[in-house]
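Structure record follows, encoded as structure tokens.
Note that the structure is a prediction, hence the values are computed from the model and not measured.
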Amino acid sequence: MRTVERIYRGFGLALLPLVLAGCQTPPAVYELAETTSANSAVFQQHLGDLAGASKALAGERADLVVSMEAFNARLDSFIKR
């Protein structure tokens with residue numbers, strides 16, 4: 001039984017550096033994470049620009065609707081005379 005324990009212990013000690021070496025993260029993963037982070041920042045900036053343009057467009061649309069309603073009211077009062 002003692003020999004079997006030595007074989008298992010020796011196998012475990014030989015396998016440990018291989019397992020630890022296999023657990024290292026490849027450099028490509030770090031490069032991908034960096035690129036993804038940069039792309040995310042650019043995408044976030046574009047979304048911010050789009051949100052600002054959308055708010056401006058909504059404000060302009062609301063102003064035009066109010067202007068159209070005022071024109072329709074004036075036209076309606078002119079027709080009813």
Side-chain angles (χ1 to χ4, degrees):
M1 196 67 172
R2 194 110 167 128
T3 306
V4 174
E5 289 176 5
R6 286 183 186 171
I7 291 173
Y8 283 135
R9 187 173 296 169
F11 180 72
L13 289 175
L15 188 61
L16 182 63
L18 294 175
V19 170
L20 292 177
C23 291
Q24 292 179 350
T25 304
V29 172
Y30 291 113
E31 291 173 14
L32 178 62
E34 186 176 323
T35 303
T36 301
S37 176
N39 289 344
S40 177
V42 170
F43 188 68
Q44 185 66 28
Q45 177 64 38
H46 286 304
L47 283 177
D49 294 345
L50 184 61
S54 179
K55 285 181 183 178
L57 184 60
E60 185 177 343
R61 181 181 179 273
D63 291 344
L64 290 174
V65 166
V66 169
S67 174
M68 182 183 68
E69 288 176 349
F71 176 78
N72 286 344
R74 285 194 311 267
L75 186 61
D76 191 42
S77 69
F78 177 76
I79 291 173
K80 288 182 180 180
R81 282 187 201 177

Apart from L47 itself, members of its ILVMFWY cluster (side-chain separation under 4.5 Å) are F43
Tracing side-chain contacts under 4.5 Å among Ile, Leu, Val, Met, Phe, Trp and Tyr outward from I79 reaches F71, L75
Next on the checklist: With heavy-atom distances below 4.5 Å as the criterion, would you say the side chains of L50 and H46 are in contact?
Outcome noted: no
So CG of D49 and OG of S54: to nearest 0.5 Å the spacing works out to 12.5 Å
In this structure, CD of E31 is separated from OG1 of T36 (nearest 0.5 Å) by 11.5 Å
